[in-house]
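Following: one structure in structure tokens, then a few remarks.
Below, all heavy atoms of this structure are taken into account, side chains as well, without hydrogens, waters or symmetry copies.
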Amino acid sequence: MDEVSGGRGHREKIPSTKLKESTGTAASSIDKSKHDNRVYLPVYVVNREAKYEQEQEEVKKTHDHTKIGANGEKFDFYTLGHHVETREKRFYIRARRDPQSLYFHAAEAPPYHARLSDEQHPQCQIDKLRNCFSKDMLSKTGEWGHYTTKANVFAREGQFFWEAKVISQAPPGREPPKASLSSFQEGDRTSTSRGGLRVGFARREAAYGEPLGNSAYSYAVATRSGYGRDYGVVRFNSEIQHIQGGQDFDDLSPGDVIGLMITLPPLEVHKKVVEGTFNPGDYPHLECGPAQLSKNKRQKTSKTGKQSASGKNKLKEREDSVKPAEPDPLRAALRWQLSSLSNHTLPSDHEVIRDRNPFGLKGQVYFECPDYTPHNDLSRPSAGNKTKSQNPETGKPYDLNTETHPQHELPHLRTLPGSKIEVWVNGKYHGILAKHLFAFLPPASYIELGSKTSLKEGAVDDGLLGYYPALSHFTGGAVECKFDGPWWHGYEQDPGPEPRKKCRAIGERYNEQIVDDFVCDVVDEIYLEKLNGRTDYMRHGVASKVGGPGS
């Protein structure tokens, strides 16, 4: 792109005081007066130290206990050693400096495969949790209450499958009405007859301190509910729903396997939904809902219901922060030229904006990123109706199960056409766990602006938005995951009502995500070098840097 101002979005990054102190002087030498402030992108120039260029080390693990399965299988669980944790709205990624270019890139740590994440789980510092993983990071257990752990891979478009095997769960049967499960089950952590589990998918905004299905940011099946047929899917906290188009299943036992398949529309369709340009008539093969609207009729735009003055101000600030950028004619012209020269279909015109800053901690390097802010409308019902958007026709908060649609007036309440999650148990198809999943691309997801971020606008996609395989455990429940084949049971023997030729293992996303991140690195580096007028921008900055740690 010859015109820098036409290609990198409309934003300004301002280095925080904390990062200035930890990394030395940021790219303050850039003369912002020479550039459009909307696209000014400083990079934190960190002194060159050998530790920043080392390969990432595996998190140390200390053996905690062993569970013995019904067939004599041994499941060893370990507590994790030092790694970054925070209670603030921050997101951490391992990083490493390239010895040649001196830019920082995302880095993978062992074990090198799709697995449960080192960082996206409850805090290990809380002793009562006894937060434990297997050596290969494919199994998980814990104590105390309901807590959620996400995988290191995620789905953005297409169809993906993964499996979860029950290792430990309380025997079938309803809990006493005046006693909790934790109060009457045995306390031996090595037992496989204790605890409860939920497995499903979760977005970035889903909290680690809540069980899956506790808000509209996640969807899950409960493997034990007293009587399993009471519900097939735990959705939105207090609401109980049955599996659709199939049959509910009874309580599961150790050794039983749950298969989950997610289907998401192409990002091109997803982008139209969040931008408000989606027309159901253009995609008759994609089911829209759950609200039923005319194929060519948009919902009437209206303001939310009665709210306090402070609530209106906050709503306006949020709407301003998630307002999508105006279409760029230069990008459209460039894509037209590329499409005319190539015989291949171009990917969706979707920009990734990453606000991530490197820092070193105990010999390891991480990117610190702002995390996405949950919206009150999608949070658990107990958050209170006064903070939720009101349906102007009913004067009540929007019903998430009946009043949402791809054309909803509020972007975060728009659903994805053709999206669904299906469930298998021991290879048998049981039906649809949930459909009409909520959109996750901005402005449906947003980063709250403030001192914790240097973004100028909150409606940005950092490339890591999507639906992550996730699990919740309660008081000793334990589960083993498979993100790649060969499967324990799979879906091929009983595929259900439709063919699954395009379904892939969610583990395939591991290598794809590395490639995606590499491409974004190249784009960012070319942009910075063009912005600053020199191809050795970072090397020059590091060589000429004075002061800061390690100098």
For [X], I'd like to know if atom [atom1] has over 12 heavy atoms of other residues, nucleotides or ligands within 6.0 Å.
X      : atom1 : value
Glu498 : CD    : yes
Tyr112 : OH    : yes
Glu492 : CD    : yes

Listing request: all ring pair (Phe, Tyr, Trp, His ring centres under 6.0 Å) pairs with a residue in residues 253-277, at least two apart in sequence or in separate chains.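 Ring pair (Phe, Tyr, Trp, His ring centres under 6.0 Å) check on residues 253-277 returns His270-Phe440.
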
For residues Arg94 and Gln56, is any side-chain donor paired with an opposing acceptor at under 3.5 Å?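 Side-chain D/A pair, Arg94 to Gln56: present.
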
Walk me through whether Phe278 and Tyr283 qualify under ring-ring contact (aromatic ring centres under 6.0 Å, His included). CA-CA 9 Å; Phe278 175 76; Tyr283 301 92; 5.6 Å; yes

Short question: side chain of Lys150, backbone of Arg203 - any donor-acceptor pair under 3.5 Å?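 Yes; at least one donor-acceptor contact below 3.5 Å.
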
For the residue pair Arg204 and Tyr468, would you count it as a cation-pi contact if the rule is NZ or CZ under 6.0 angstrom from the ring centre and within 45 degrees of the ring axis?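 Verdict for Tyr468: no cation-pi partner in Arg204.
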
May I ask you to say whether Arg156 pairs ionically with Asp461, meaning some side-chain N is under 4.0 Å from a carboxylate O?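 The answer is yes: the pair qualifies as a salt bridge.
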
In terms of side-chain geometry, is the basic nitrogen of Arg224 or Asp256 positioned less than 4.0 Å from the acidic oxygen of its partner?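 Between Asp256 and Arg224 there is no salt bridge, as every charged N stays at least 4.0 Å from the carboxylate O atoms.
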
Parallel, tilted or perpendicular: ring planes of Phe201 versus Trp162, cut at 30 and 60 degrees: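 Aromatic pair Phe201/Trp162 classed perpendicular.
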
Do Arg500 and Glu422 pass the salt bridge (charged side-chain N to carboxylate O under 4.0 Å, His left out) test, and can you show the C-alpha distance, the side-chain angles, and the key distance before you say yes or no? CA-CA 12 Å; Arg500 313 287 178 175; Glu422 298 168 278; 2.6 Å; yes

Locate the shortest heavy-atom distance separating Gly476 from Ser168; write the atom from each residue and the value.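 The answer is O-OG, 3.2 Å.
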
Run the numbers on Arg356 and Asp462 for salt bridge (charged side-chain N to carboxylate O under 4.0 Å, His left out), then give the verdict. CA-CA 9 Å; Arg356 57 188 198 176; Asp462 66 357; over 6 Å; no

Full working for salt bridge (charged side-chain N to carboxylate O under 4.0 Å, His left out) between Lys61 and Asp64: CA-CA 9 Å; Lys61 301 178 179 68; Asp64 186 83; over 6 Å; no

Could you please spell out the steps behind the salt bridge (charged side-chain N to carboxylate O under 4.0 Å, His left out) verdict for Arg354 and Asp521? CA-CA 10 Å; Arg354 305 179 302 178; Asp521 284 338; 2.7 Å; yes

